[in-house]
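For clarity, every value in this text was computed on a predicted model and none was experimentally measured.
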Amino acid sequence: MVYQTGGNRVVVHPALLVIACDPRGLESVMDYRPQERALLDSLRNFTFYTTCLRVYPRKSQDRVVILAPDIVESQTGLVQGYRNETAKRWGLTVANGAATNVVTTYQMVGVNGASDPGTLTAQRNAFLDSPPSWWPFQPGRYEIVQVEENQNGGIHPAVNPLLTPYFNQFLFGALEAGAPWRWLDLQGANDTVYVHASTCFESVLHCWSYLNILLDAKPALLSAAKDSAIVVIGAGVSGLLFAQRFIDSGYTNITMLEKTNRFAGKTHSLQVPDQGGTSIAELGTCYLSPAYDDMVQAISEFTVGNTRVPVAHGSERGIVVGTPPNETVMAFSDYGLMVACQYLGFGWPCSKAEQDLAYLELVAAAAIYVGLRLEIFGTIDGVMPISRPVGDPYGVFSNTFAQFLDDNKMGALKGYLIYAYQVQGYGDLDKIPAYYGLVWITPDIAWPFGKSSGVTAWQKGWEDVWDQMVKKRNMNIKLNTNVVSIRR
């Protein structure tokens, strides 16, 4: 392969080539085989647009995070919700008493939508100038938070606003044809492996989990001489996790090539002066759930001084219901219970006895979900079954996630899962294949009870994790590098 860096043209013959960027971005320079190209042609992705703003409160707030499910469903780039970074860091009491708050807004475009940044900016500005009732800040009064040039020591400044392709996915037909497992079968062929999120799912957890599956399924990848040349294309989350694992296994000749001026990929932890201190606005990689616990333990060396803090509890998470101009914001727990009551044919609000019946229905539905997921995946938390399930069990590949829930007597859960799934930016329950819903909604997320959401964030942001990893492993990352050609 040939790459260009710092004005120099470099030719290298790696023993192992690791594609840790979106492989579709290399189509013009890489000699893809027909099997690989067929998989690439089957991929689609969302587009996410996040903006960190300084805004001015106009009324008392009781929510840290607000999501509008109906806007998510449209997938047209309208502002679908926000996270109050001031309230996340300092609490709602401080946020309500402050002259300004720092918030991050979210916009998403579906697989067939137009993701022109000018259009998304115009949609955001129109929202801010004439916001709906659920926006608790002054109309037309806001500033885009400017990125400090020396943020993170100038190593990898965050980008604000952030426009990024998001959640590469296979659609129904490709899933039925076994696309994720066809990727796994191809791993290692032609001395090439693929570890980008397109092989599994978008989250950090799934990139880490997929690497575990890959090395278990293909142990020969770790059998080469320790001084073998390894080239990793892409210094985002997947590339960093791969390099760290191989360095820890004794490999000494790993080069990472990154086309941008920063490592960390979709992780953009914006450090914002706020209330006499600093709030972290995660524009890309953001939350953790209890399912992350094993991964966090495994990378604990790189989280020194960076603790997990709650994002929002109970009523601090809001769901927008109703139609303009009569929207209201419900507490997440109330919304989940309302949907369960409606599933049973009750009105809302309903009696205490009817709420108790709805709660019992939720318990039963959660138990069904946990059992079915274990049956289909063969494990409680795995990123994917190690081999493709036989046939189409329970409509996992042919039905939407919402239809899967309805068909298997779990419709009462949809109110809770709308938040747990959609707030991450993974699409709409009525459109996404059931397979991807099952991947993300692990049993700990499906169990919708208790006062705590279990959702946390890093106090210093995800970028601090990757900074520590790069420094402690002395990773060889070449920034502003262009791959010229790849012939395997």
Side-chain angles (χ1 to χ4, degrees), residues 1-37 39-40 43 155-156 165 168 183-199 207-208 210-211 214-215 217-267 466-467 469-488:
M1 68 172 292
V2 181
Y3 64 88
Q4 186 129 7
T5 182
N8 298 317
R9 194 177 178 92
V10 180
V11 179
V12 62
H13 302 283
L16 184 65
L17 177 65
V18 183
I19 308 301
C21 62
D22 186 335
R24 293 174 298 177
L26 296 173
E27 287 185 283
S28 64
V29 299
M30 186 164 172
D31 60 337
Y32 282 117
R33 306 301 194 261
Q35 304 97 316
E36 296 167 323
R37 189 167 294 281
L39 288 168
L40 296 182
L43 282 171
I155 299 172
H156 46 95
N168 287 281
W183 261 136
L184 190 59
D185 289 342
L186 285 173
Q187 298 284 18
N190 306 304
D191 299 320
T192 306
V193 295
Y194 299 87
V195 297
H196 179 261
S198 54
T199 58
C207 293
W208 179 81
Y210 187 80
L211 184 55
L214 174 61
L215 294 179
K218 306 283 185 175
L221 294 174
L222 287 169
S223 63
K226 300 302 182 183
D227 60 352
S228 299
I230 298 174
V231 172
V232 181
I233 302 179
V237 171
S238 299
L240 295 174
L241 288 171
F242 182 95
Q244 176 253 324
R245 185 72 61 88
F246 268 62
I247 290 171
D248 288 355
S249 297
Y251 287 85
T252 59
N253 187 10
I254 299 175
T255 302
M256 304 183 72
L257 310 180
E258 171 55 46
K259 69 178 181 179
T260 72
N261 67 344
R262 62 187 298 278
F263 61 82
K266 291 186 179 71
T267 302
W466 311 132
D467 283 347
M469 181 179 288
V470 168
K471 292 173 183 175
K472 291 180 179 179
R473 290 298 178 268
N474 194 28
M475 292 182 178
N476 178 23
I477 302 175
K478 298 183 182 299
L479 301 177
N480 301 303
T481 296
N482 292 315
V483 175
V484 177
S485 67
I486 300 173
R487 298 291 178 265
R488 296 169 292 163

Subject >> Inter-residue atom distance Leu214.CG - Leu222.CG, 0.5 Å rounding >> reply: 9.0 Å
**OP:** Could you list the residues that satisfy side chain to side chain donor-acceptor pair (under 3.5 Å) with Lys218, not counting sequence neighbours?
**Re:** none
Subject >> Minimum heavy-atom distance between Leu221 and Tyr251, given as atom pair plus value >> reply: O-OH, 3.8 Å
Review item, side-chain donor-acceptor pairs of residues 1-17, under 3.5 Å, at least two apart:
unit_1: Thr5; atom_1: OG1; unit_2: Thr481; atom_2: OG1; d: 3.1

Between side-chain atoms of residues 18-30 and protein atoms elsewhere (two or more places apart, or another chain), which donor-acceptor pairs fall under 3.5 Å?
unit_1: Asp22; atom_1: OD1; unit_2: Arg24; atom_2: N; d: 3.0
unit_1: Asp22; atom_1: OD1; unit_2: Arg24; atom_2: NE; d: 3.3
unit_1: Asp22; atom_1: OD2; unit_2: Arg24; atom_2: NE; d: 3.4
unit_1: Asp22; atom_1: OD2; unit_2: Arg24; atom_2: NH2; d: 3.0
unit_1: Arg24; atom_1: NH1; unit_2: Leu43; atom_2: O; d: 3.4
unit_1: Arg24; atom_1: NH1; unit_2: Asn45; atom_2: OD1; d: 3.4
unit_1: Arg24; atom_1: NH2; unit_2: Asn45; atom_2: OD1; d: 2.8
unit_1: Arg24; atom_1: NH2; unit_2: Asn168; atom_2: OD1; d: 2.3
unit_1: Glu27; atom_1: OE2; unit_2: Arg37; atom_2: NH1; d: 3.2

**OP:** List the atom of Thr192, the atom of Asn190, and the distance in Å for their closest heavy-atom pair.
**Re:** OG1-O, 2.9 Å
Original post:
Got a sec, which pairs hit salt bridge (Lys or Arg N to Asp or Glu O under 4.0 Å) with one end in residues 228-241, sequence neighbours left out?
Top reply: none
Original post:
Tyr32: what forms a ring-ring contact (aromatic ring centres under 6.0 Å, His included) with it, not counting sequence neighbours?
Top reply: none
Original post:
Which residues satisfy the salt bridge (charged side-chain N to carboxylate O under 4.0 Å, His left out) test with Asp185, sequence neighbours excluded?
Top reply: none
**OP:** Kindly indicate, with the supporting measurements, whether the criterion side-chain contact (heavy atoms from CB on, under 4.5 Å) is fulfilled by Trp208 and Val237.
**Re:** CA-CA 9 Å; Trp208 179 81; Val237 171; over 6 Å; no
Original post:
side chain to side chain donor-acceptor pair (under 3.5 Å) with Arg473: which residues, sequence neighbours excluded?
Top reply: Asp248, Glu301
**OP:** Any pair with a residue in residues 479-488 that passes salt bridge (Lys or Arg N to Asp or Glu O under 4.0 Å), sequence neighbours left out, goes on the list, sorted by first then second residue, please.
**Re:** Asp31-Arg488, Glu36-Arg488
**OP:** Just grab all the side-chain hydrogen bond (donor to acceptor under 3.5 Å, both in side chains) pairs involving residues 220-243, residues at least two apart or on different chains.
**Re:** none
Original post:
If you round to the nearest 0.5 Å, how far is CE of Met475 from CH2 of Trp466?
Top reply: 9.5 Å
Original post:
Which heavy-atom pair separates Arg262 from Thr267 by the least distance, and what is that distance?
Top reply: NH2-O, 2.7 Å
Subject >> Trace of the side-chain contact (heavy atoms from CB on, under 4.5 Å) decision for Ile254 with Phe242 >> reply: CA-CA 10 Å; Ile254 299 175; Phe242 182 95; 5.8 Å; no
Original post:
Taking only residues two or more places apart in sequence or in another chain, which ones pass side chain to side chain donor-acceptor pair (under 3.5 Å) with Thr260?
Top reply: Glu258
Original post:
To the nearest 0.5 Å, what is the distance between CG (Leu186) and OG1 (Thr199)?
Top reply: 12.0 Å
**OP:** Over all heavy atoms of both residues, which pair between Ala235 and Ile477 is shortest? Give the atoms and the distance, please.
**Re:** CB-CG2, 4.0 Å
Original post:
Quick one: salt bridge (charged side-chain N to carboxylate O under 4.0 Å, His left out) partners of Lys266, sequence neighbours excluded?
Top reply: Glu202
Subject >> Full working for side-chain contact (heavy atoms from CB on, under 4.5 Å) between Leu257 and Val232 >> reply: CA-CA 6 Å; Leu257 310 180; Val232 181; over 6 Å; no
Subject >> Partners meeting side chain to side chain donor-acceptor pair (under 3.5 Å) with Gln187 (sequence neighbours left out) >> reply: Tyr210
Subject >> Pair Trp183 and Tyr194, ring centroids less than 6.0 Å apart >> reply: yes
**OP:** To the nearest 0.5 angstrom, please state how far the CD1 atom of Ile230 sits from the CG atom of Asp191.
**Re:** 11.0 Å
